[in-house]
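A quick write-up on the structure given underneath.
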Amino acid sequence: MTDDTTEFFGILHWNDYSEARPRPFDEVDSEFIAACARAHEDAGFDRVLIANSAHRPDSLPIATWAAAATCRLGFMIAHRPGFIAPTMAARMFAILDRMSGGRCGVHIITGADDQELHADGDYSTKDDRYRRSHEYVEVMRKVWSSQAPFDHEGEFYQVEGAFSHVRPEKGIPVFWGGSSPASIEYGTRAADVYAFPGFPAAALKEPARDVLSRARAIGRSPALLTSLRVLVADTPAQAWERAHAIQDRLIEEVVDNGRFPTNPGEGRRAAIDRARQAANENALEGLLWAGITRVPIGRSALGCLVGSHDQVADALMEYREAGFSRFIVSGYDPIPDARLFGAELIPRVCARAKAR
């Protein structure tokens, strides 16, 4: 277990997916879900994030399967408001929370990309979605806490006699993420844990202060979370060797499969070198490296902490000093990396946090 003020979350997919060795998204591996959840539990993680989007499998069945395979591990279940009634969603999460012994958490995914929302038939504006998400959380919390049927009339939802026979064991934490003004405005009112992307610690200090000061002004005190890719080894050289090996495999794949635009008459090696140069441009700060996530098929907004166990633990402490106490840390080989983080990284960070 981590200490009272520092929590570690992993990521749980529906198969053994990794950018380092892509496999088809449509494969569902129930044995992997259970094994990966148990690996995180055994490694001392507090929760696992189960993501959601317009194209992913629903997160709740994955969480239910993983809960049945574990005893202690908590869940950060991504959920998108607006597609089912908040009263129904509240009852779904409440029964999972009770069946799992109080291990349920809900991550509100409002959706910043209009085009993605169109895939599910949602054509509301971003500002409307954030107001809707805030009201959605308000109704869910009423369902989780009310001892008698209640009515609600708001901008987006009207219910009469709403009630749940089964309520959460101790209360379900609400996670909320985003860095836009609308996200911060409504998230500070709703979140128990406010999540930021994995930008450099220095870049998150001011947004973190903004969220906390806004929350304090209305009598709230959310914890702060950030999500980081992590690649560690016993020595810095070993960590960088692994990082560059993963990058090289990905670059060769995108070039060989024609997913990287080549110049007329350009040879394979020249194309690979050009792709590597593009991926390594504009490196992030400190140990944060974008060389894997900026491969042409990667996610350009994400950085990866690369270094020895001690270097990365010290880097995470910079986020702790900026106010962050929850960390989503994920690697490129889900089960082995979870075990490695549990053996080497998590104990180091928790020891440093206690000492300070």
When rounded to the nearest 0.5 angstrom, what distance separates [atom1] in [X] from [atom2] in [Y]?
X: R80; Y: D120; atom1: CZ; atom2: CG; result: 7.0 Å
X: L49; Y: H40; atom1: CG; atom2: NE2; result: 10.0 Å
X: D333; Y: R242; atom1: CG; atom2: CZ; result: 6.0 Å
X: I346; Y: F341; atom1: CD1; atom2: CZ; result: 8.5 Å
X: I108; Y: I77; atom1: CD1; atom2: CD1; result: 11.0 Å
X: L288; Y: C304; atom1: CG; atom2: SG; result: 8.0 Å

Using atom types as modelled and distance alone, determine if a side-chain donor or acceptor of [X] lies under 3.5 Å from a backbone N or O of [Y].
X: S18; Y: Y332; answer: yes
X: R129; Y: G111; answer: yes
X: S325; Y: L225; answer: no
X: D192; Y: V174; answer: yes
X: E135; Y: F156; answer: yes
X: R47; Y: M76; answer: no
X: S146; Y: P149; answer: no
X: R141; Y: A90; answer: no
X: S183; Y: S180; answer: no
X: S164; Y: R91; answer: no

What about [X] and [Y], are their ring centers closer than 6.0 Å?
X: Y157; Y: H152; value: no
X: W176; Y: H134; value: no
X: F163; Y: H165; value: yes

Quiz item: Can you name the residues that form a salt bridge (charged side-chain N to carboxylate O under 4.0 Å, His left out) with E155, not counting sequence neighbours?
Solution: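 If we apply the salt bridge (charged side-chain N to carboxylate O under 4.0 Å, His left out) test to E155, skipping adjacent residues, the hits are R131.
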Self-check item: salt bridge (charged side-chain N to carboxylate O under 4.0 Å, His left out) partners for R339, two or more places apart
Solution: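 Expected list: none.
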Quiz item: When you look at CD of E160, are more than 12 heavy atoms from neighbouring residues, nucleotides or ligands closer to it than 6.0 Å?
Solution: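 No, because the 6.0 Å sphere around CD of E160 holds 12 heavy atoms or fewer from other groups.
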Quiz item: Has W65 got more than 12 heavy atoms of other residues, nucleotides or ligands less than 6.0 Å from its CH2?
Solution: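 Counting other residues, nucleotides and ligands, CH2 of W65 stays at 12 neighbours or fewer.
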Identify whether the distance between the nearest side-chain nitrogen and carboxylate oxygen of [X] and [Y] falls below 4.0 Å.
X: R326; Y: E7; result: yes
X: K126; Y: D114; result: no
X: R274; Y: E266; result: yes

Heavy atoms only: give me the nearest [X]-[Y] pair and the separation to one decimal.
X: E41; Y: T70; value: OE2-CB, 3.4 Å
X: D151; Y: K142; value: O-NZ, 4.5 Å
X: C104; Y: D97; value: N-OD1, 3.1 Å
X: G10; Y: I328; value: O-CG2, 4.2 Å
X: L228; Y: Y319; value: CD2-OH, 3.7 Å
X: A34; Y: A69; value: CB-CB, 3.6 Å

Do the non-hydrogen side-chain atoms of [X] and [Y] ever get within less than 4.5 Å of each other?
X: L117; Y: Y123; value: no
X: R167; Y: Q147; value: yes
X: P334; Y: F32; value: yes
X: P207; Y: S179; value: no
X: L287; Y: D314; value: no
X: R276; Y: D248; value: yes
X: R268; Y: E252; value: yes
X: V48; Y: I11; value: no

Practice problem: Start with the C-alpha gap between L231 and I246, add the side-chain angles, then the distance that decides, and say whether side chain to side chain contact (heavy atoms under 4.5 Å, CB included) holds. | Solution: CA-CA 11 Å; L231 203 158; I246 292 173; 3.9 Å; yes
Cluster link [X] to [Y], ILVMFWY, side chain under 4.5 Å:
X: V193; Y: F75; answer: no
X: W144; Y: I84; answer: yes
X: M317; Y: V230; answer: yes
X: I33; Y: Y17; answer: yes
X: I95; Y: V143; answer: no

Parallel, tilted or perpendicular, as decided by the 30° and 60° cut-offs, for the rings of [Y] and [X]:
X: Y194; Y: F196; answer: tilted
X: H79; Y: F93; answer: perpendicular
X: F8; Y: F45; answer: perpendicular

Self-check item: Criterion salt bridge (charged side-chain N to carboxylate O under 4.0 Å, His left out) on R38 and D42, from CA distance to verdict
Solution: CA-CA 6 Å; R38 286 192 293 265; D42 294 343; over 6 Å; no
Quiz item: Between D234 and H309, is a side chain to side chain contact (heavy atoms under 4.5 Å, CB included) present by the stated rule, with each step listed?
Solution: CA-CA 6 Å; D234 291 337; H309 305 298; 3.1 Å; yes
Quiz item: Going through the distances and angles, do R132 and D122 end up as a salt bridge (charged side-chain N to carboxylate O under 4.0 Å, His left out)?
Solution: CA-CA 12 Å; R132 181 179 67 188; D122 187 349; 2.7 Å; yes
Quiz item: What do the steps show when you test T6 against F327 for side chain to side chain contact (heavy atoms under 4.5 Å, CB included), and what is the final call?
Solution: CA-CA 8 Å; T6 307; F327 300 97; 4.2 Å; yes
Exercise. Apply side chain to side chain contact (heavy atoms under 4.5 Å, CB included) to the pair S59 and N52, showing each step before the final yes or no.
Key: CA-CA 6 Å; S59 53; N52 200 355; 4.0 Å; yes
Quiz prompt | Derivation and outcome, salt bridge (charged side-chain N to carboxylate O under 4.0 Å, His left out), residues R348 and D310 | solution = CA-CA 7 Å; R348 282 172 164 83; D310 285 318; 2.9 Å; yes
Quiz item: In a check of side chain to side chain contact (heavy atoms under 4.5 Å, CB included) between L305 and each of L316, V329, L345, which one passes?
Solution: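 Single side chain to side chain contact (heavy atoms under 4.5 Å, CB included) partner of L305 among L316, V329, L345: L316.
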